[in-house]
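The structure appears right after this line, and notes come after that.
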Amino acid sequence: MEKPTLPKGTRDFGPAQMAKRQFILNHIRQVFQTYGFLPLETPAMENLSTLTGKYGEEGDQLLFKILNSGDFLKEADTTLMGNRDSKSLASVISEKGLRYDLTVPFARYVVMNRHDITFPFKRYQIQPVWRADRPQKGRYREFYQCDADVVGTDSLLCEAEIILMITEVFQRLNIADYTIKLNHRGILTGLAEVAHAQANESSLFVAIDKLDKIGEDKVRDELLTRGIDREGIERVFSVLNFKGTTADKQSFLQTQFAASPNGQKGLREVAEVLMLLQRYGGTAEHVEFDLALARGLSYYTGCIFEVKINHVAIGSVSGGGRYDNLTGMFGMPGVSGVGFSFGVDRLYDALEELAAFPQETTRSTTVLLAHFDEATRTFALGAAARLRARGIATEVYPDLVKIKKQLEFADKKKVRFTVVIGADELTSGQLTVKTMETGEQQKMTLEELIQRLG
RNA sequence: GUGAAUGUAGCUCAGUUGGUUAGAGCACCAGAUUGUGAUUCUGGGGGUCGCGGGUUCAAGUCCCGUCUUUCACCCCA
C-alpha cells in the first residue's frame, strides 16, 4: 500500500489549528461586516480566459490549469503534440483554471452583475487561492486570502476606513506593536521625476521597496544595474533618507515636489486620509508615512498600505491600495476601487510567535458525560439533551468502557468538565462534576450544573 | 524558472573508517489500579533506512539517477 501524502505546498488544518484560524477569521469577518462589507464567494475555478493576461507573464505561468473533461486529446492538434508545444497545447486541452487571487474574480463578478449592484459596492471575500509557485517558508500553493474592497467611489473615506479596520482587527487579535505603512503612488511617481527615472519607474519602485529588507547599499547597487544613474540615485536617497514626523515629511516633500503634479496629488490625498481618520475619531498612532513603501504591483494608482508586526520576523500581514481601473480589463472602464487583504497564514504564525492566542481557542467540548453501564449511560443521554438545549457543548462517551478510558479521552480532548455518573449519582441525583484542569470534584444536581455553565 | 541542502519508527533525532538481529526520547497499546485523566512504575506493538540502479564478500553508511521536503533568489500573501 502506498503511503498517503499531500500535494506539494498544501496543508491540512487539524482541529487545534482550525480553532486558532477561526479565531482570526471570525474577528476579521466581524470587523468587515461592521463597516458594511458584505460577503461574496466565487468558484474555485474560473475560465482561463478570465485569468490569463491579468497577472503578467510570470503570473500566467503560476496558474493551475484544469484538464478538460472527457477525451481531451481528441480535438488536440497532432502537430502541436508532435512539436511538444506545451503552451499552445495547454490552451486546447484546458479551458479552466484555479483562481490565482480574489481580486480578478471580484472584478469579473462586478462586470457581470453591474446592473444589479448598488454602487459604491463593498464586498469581502475569504477563500483559498492557488499558485503553482515553488513553496517556501510562509509560502504555499494553496492559501487563504481575506480581501475587502470598495468599488464605485473615489472617496478617500474608504482609505481612512481601511486604516480603522486594520486598527480594530489588530486590537481584537491582541496585537499591540505593529505599523501601518502608508504611501501614495503619486508620491512614488514624484520620486521618479525627481530622479529623472520616469522611463524605468517600475524598476525604481521594485528596488526601493526592498529597502528595509536588504539595506541602502544593496538597493543602490540594484538601481545601478537597473540603469538609473548615480545622480538620480543620490536624489532618490536624499528624499528617502529624510527623517521626521509625518508633518515634517509632508512639508519637506511639498518643496521637493513643487514641480510635480503627481507628487502634489499624492501629498494632498495622504493628508486628506489622515484628516478623515482623525474625524472618525481614529488613531494615527500606528500609521507611518513611509516614502519607500512601493508594493511592486503596478496597478495601484492612489494610496498604498502595508502592515507589519514589529519584532516578528514575518513579512507584511496585510496590504492593499487604490486602483483606478479594476474592471477595465473586462470592458467596464472608469470604476475606481480600493481594497486590502489580510494574510491569514502569516497572522497565524505571528500570533503563535507572540503567544497571543487566547486560551479559549484551545478548548473543545465543555462537558463530557462519563458512565458505567447501560443504565447510567441512558441517564446521560437525557442529561446531554438538557445541557445541549441550553447551548452547552456536551457529549456522551459512546461506548461502554472503563471510566479510566473516558477520563483519558476527556483529558486528551481538553474537555473542561467531566461528569461522572454511577449508580450512586443515579439514586441521589447528585452528580460528580470534575474540573479537568484542576482535578477538583464537586457534587451537584444537573440543574445546578446547567445554572453554573449556562 | 535559478542555486543549495535534506530524507532512518506516527513525531524529533542518534547510528563510528562500509561489518552481527538498526537504536533513543516522545507518542501509541496493555497492565500495576473492577469509580478517576494529565504525574509514577512494568511490559508490548511498531522500520522495504524515500524510491530505482551501481560498487563490494558485505551498504542506513560509498557512487549515479529520481522523487520528496526545506532554504535562498525571482516573484509574492
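Throughout, a chain's letter reflects where its sequence line sits, starting with A, and its residues are numbered from 1.
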Worked check of salt bridge (Lys or Arg N to Asp or Glu O under 4.0 Å) between A/Lys443 and A/Glu425
CA-CA 9 Å; A/Lys443 290 270 186 181; A/Glu425 285 84 354; 3.6 Å; yes
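For A/Arg346, counting side-chain heavy atoms from C-beta on, the closest listed nucleotide (B/U36, B/C74, B/C76) is B/C76. Of the candidates B/G37, B/C76, B/C75, B/G37 carries the atom nearest the A/Lys404 side chain, counting heavy atoms from C-beta on. The side chain of A/Asp411 has B/G37 as its nearest neighbour among B/A77, B/U36, B/G37. Comparing B/C74, B/U68, B/U36 by their nearest atom to the side chain of A/Arg139 picks out B/C74. In this structure, of B/G35, B/C75, B/G3, it is B/G3 that holds the atom nearest to the side chain of A/Arg134. Closest to the side chain of A/Lys405, out of B/A77, B/A72, B/A30, is B/A30. Of all nucleotides listed (B/C75, B/A77, B/G35), B/C75 comes nearest to the side chain of A/Val206. For A/Asp133, counting side-chain heavy atoms from C-beta on, the closest listed nucleotide (B/A38, B/G3, B/C75) is B/C75.
Counting any heavy atom pair closer than 4.0 Å across all strands shown, A/Asp424 reaches a base atom. Using a 4.0 Å heavy-atom criterion, one finds that A/Phe409 contacts no nucleic acid atom at all. Using a 4.0 Å heavy-atom cutoff across all strands shown, A/Ser316 reaches sugar-phosphate atoms only and no base atom. Using a 4.0 Å heavy-atom criterion, one finds that A/Gln406 contacts no nucleic acid atom at all. As judged by a 4.0 angstrom heavy-atom cut-off over every strand, A/Glu440 is placed among residues making no nucleic acid contact. Within the nucleic acid shown, A/Gly439 comes within 4.0 Å of at least one base atom, counting heavy atoms only.
Atom OH of A/Tyr348 is separated from atom CD1 of A/Ile24 by 8.0 Å, given to the nearest 0.5 angstrom. Rounding to the nearest 0.5 angstrom, the gap separating the CZ atom in A/Phe170 from the CD1 atom in A/Ile309 is 5.0 Å.
Comparing the same atom, C1', in B/U66 and in B/C28 gives a spacing of 34 Å after rounding to whole Å. To the nearest whole angstrom, the two C1' atoms, one in B/U12 and one in B/A77, are 30 Å apart. As rounded to the nearest Å, B/U20 and B/G37 have C1' atoms that lie 44 Å from one another. Separating the P atom of B/C75 from that of B/U48 is a span of 44 Å, rounded to the nearest Å. Taking the P atoms as reference points, B/C76 lies 25 Å from B/A4, given to the whole Å. Using atom C1' as the reference point in both B/G60 and B/A22, the two lie 8 Å apart (nearest Å). Rounded to a whole angstrom, the distance from the P atom of B/C62 to that of B/G15 is 12 Å. With C1' as the reference atom, B/U61 and B/U42 are 36 Å apart, rounded to whole Å.
Atom CG in A/Leu407 sits roughly 13 Å away from atom P in B/G35 (whole-Å rounding). Between the NZ atom of A/Lys402 and the C1' atom of B/A32 there is a distance of 11 Å, given to the nearest Å. Atom CG of A/Leu431 and atom C1' of B/U36 are 16 Å apart (whole Å). In this structure, A/Glu142 atom CD and B/A77 atom C1' are separated by 14 Å, rounded to whole Å.
Pair assignment for B/U2: B/A72, on the basis of Watson-Crick or G-U wobble contacts that are both within less than 3.5 Å. Searching all strands for a Watson-Crick or G-U wobble partner of B/C26 with both distances below 3.5 Å returns B/G10. Pairing for B/A38 is absent, with no Watson-Crick or G-U wobble pair whose two atom distances lie under 3.5 Å.
Under 3.5 Å, the side chain of A/Glu408 and the base of B/U36 form no donor-acceptor pair of N or O atoms. Under 3.5 Å, the side chain of A/Glu425 and the base of B/G35 form at least one donor-acceptor pair of N or O atoms.
Residue A/Gln136 places at least one side-chain N or O under 4.0 Å from the OP1 or OP2 atom of B/A72. Contact annotation: A/Lys210 side-chain N/O to B/C74 OP1/OP2 distance is under 4.0 Å. The side chain of A/Lys412 places an N or O atom within less than 4.0 Å of a non-bridging phosphate oxygen (OP1 or OP2) of B/C28.
Exactly one of A/Arg416, A/Arg388, A/Lys413 qualifies for a salt bridge (Lys or Arg N to Asp or Glu O under 4.0 Å) with A/Glu395. That residue is A/Lys413.
A centroid separation of less than 6.0 Å is found between the aromatic rings of A/Phe32 and A/Tyr124. Side-chain rings of A/Phe305 and A/Phe340 stay apart, their centers remaining 6.0 Å or farther from each other.
RNA chain B is contacted by both A/Tyr144 and A/Leu6; A/Leu6 maps to the nucleotide lying nearer its 5′ end (nearest heavy atom per residue). Residue order along RNA chain B, read from the 5' end via each residue's closest nucleotide, puts A/Met436 first among A/Val317 and A/Met436.
Residue A/Asn310 places its CG atom among more than 12 non-hydrogen atoms of other residues, nucleotides or ligands, all under 6.0 Å distant.
Taking the ring centre of A/Phe64 as origin, the terminal cationic atom of A/Arg131 falls outside the region bounded by 6.0 Å and 45° from the ring axis.
Stacking of A/Phe372 onto the six-membered ring of B/G35 is not present when judged by under 5.5 angstrom between centres and under 30° between planes.
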